[in-house]
Each structure stands twice: as C-alpha cells, then as structure tokens.
Amino acid sequence: MLIYKDDAKLEAATTEEKAAHGKGYGELNAFLTESNGVNRGTATWPANITTVRMRDGEMTTSDRPYVETGERVGGFFLIDAEDVDAAIKIAERVPDVRYGAVEIRPVKV
C-alpha cells in the first residue's frame, strides 16, 4: 500500500481531525502488529530523498519526494493480504485515505 499525502488538506483539517489522523495511525499499526503475518514491512520517507525525472531529454533531480501533483508519497506498508478485497479493507484503515490516497500494488517476491 503506497500512501500519498496531501499536506494542504491535512493542514486545513480541524484540531480534532488531526488528532484522529494520528490516533488512526496508532490503531492501524496495532492492527497490523496483532494480525499474524499481515505486516511485512513499513517505511516513512525521510527528508533526504532525491527524485529523478527525465523531461524532454533532460535529466533533472529534486531534493524532495514530491510527485508533480499536490500529493506526495508519505510512506508505505508491505502487507500480506489474501486478495485485493482484503487489501482494500486494510487500506481503508490508513488515515491518509481521507487526505490523499492509498494505492494498492501487488508485489512479486
């Protein structure tokens, strides 16, 4: 599950919504920890990421993980779900689904 964050939307949230967002990540992490074998890995993106792009034959780099929209990659969870429906149920628990998006990608190992 690749998590896209929209900082502007989260910044505009109320204090209660922001608190619920943080609590939601605590609850998600607890769920994944308690679900035997579901959580296979996770990461948040540090500030020292370099993004490489090629545009019109010219290579560019930027010192941030932002994509070209208002959203940015905020992290990921590597999960082991029975099928896409089970993965969607877990993705619905990710707090940033309200402020950005969660993309589910199958991984071949």
Side-chain angles (χ1 to χ4, degrees):
M1 299 185 306
L2 194 57
I3 301 163
Y4 292 92
K5 302 172 94 48
D6 187 326
D7 292 327
K9 288 182 182 177
L10 185 55
E11 185 63 33
T14 66
T15 301
E16 293 81 17
E17 290 168 333
K18 290 176 185 175
H21 180 264
K23 181 180 178 189
Y25 269 107
E27 292 170 351
L28 174 63
N29 285 322
F31 166 78
L32 291 174
T33 299
E34 295 165 5
S35 300
N36 295 332
V38 171
N39 188 13
R40 298 294 186 177
T42 186
T44 57
W45 263 245
N48 60 350
I49 284 190
T50 299
T51 301
V52 180
R53 293 183 177 87
M54 168 110 32
R55 299 292 185 270
D56 299 321
E58 185 176 332
M59 190 72 66
T60 62
T61 61
S62 61
D63 60 355
R64 52 190 175 39
Y66 303 109
V67 292
E68 292 181 1
T69 66
E71 297 173 343
R72 65 179 176 89
V73 176
F76 74 89
F77 289 94
L78 181 60
I79 61 171
D80 187 0
E82 184 175 312
D83 55 29
V84 71
D85 292 329
I88 290 169
K89 292 288 186 198
I90 295 170
E92 290 171 348
R93 293 171 167 254
V94 177
D96 279 299
V97 77
R98 292 168 187 80
Y99 302 102
V102 176
E103 181 178 283
I104 299 169
R105 293 184 182 196
V107 176
K108 295 182 180 181
V109 289

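For D56, the side chain to side chain contact (heavy atoms under 4.5 Å, CB included) test picks out no residue, with sequence neighbours left out. Taking the side chain to side chain contact (heavy atoms under 4.5 Å, CB included) definition, one finds that T33 meets it with nothing, sequence neighbours left out. Scanning for ring-ring contact (aromatic ring centres under 6.0 Å, His included) contacts around Y25 gives H21, with sequence neighbours left out. In this structure R40 satisfies the side chain to side chain contact (heavy atoms under 4.5 Å, CB included) test together with L78, D80, sequence neighbours excluded. Remark: E92 engages I88, K89 in a side chain to side chain contact (heavy atoms under 4.5 Å, CB included) (not counting sequence neighbours). The side-chain hydrogen bond (donor to acceptor under 3.5 Å, both in side chains) test applied to E17 returns T14, not counting sequence neighbours.
No side-chain heavy atom of F77 sits less than 4.5 Å from a side-chain heavy atom of V102. Inter-residue side-chain proximity for F76 and M1 is flagged as unmet; no heavy-atom pair is nearer than 4.5 Å.
A distance of 11.5 Å separates CD1 of I3 from CD of E103, quoted to the nearest 0.5 Å. Between I79 atom CD1 and S35 atom OG the span is 10.0 Å, to the nearest 0.5 Å. Atom CG of residue D6 and atom CG of residue D96 lie 9.5 Å apart, to the nearest 0.5 angstrom. I104 contributes atom CD1, which lies 8.5 Å from atom CD1 of I90 (distance to the nearest 0.5 angstrom).
Between V97 and A91, the shortest heavy-atom contact is CB-O, 4.2 Å. Closest heavy-atom contact between V94 and L28: CG2-CD2, 3.7 Å. In plain terms, the two heavy atoms of A81 and A87 that are nearest each other are CB-N, 3.7 Å.
A salt bridge is absent between E16 and K18: the closest approach of a Lys/Arg side-chain nitrogen to an acidic carboxylate oxygen does not fall below 4.0 angstrom.
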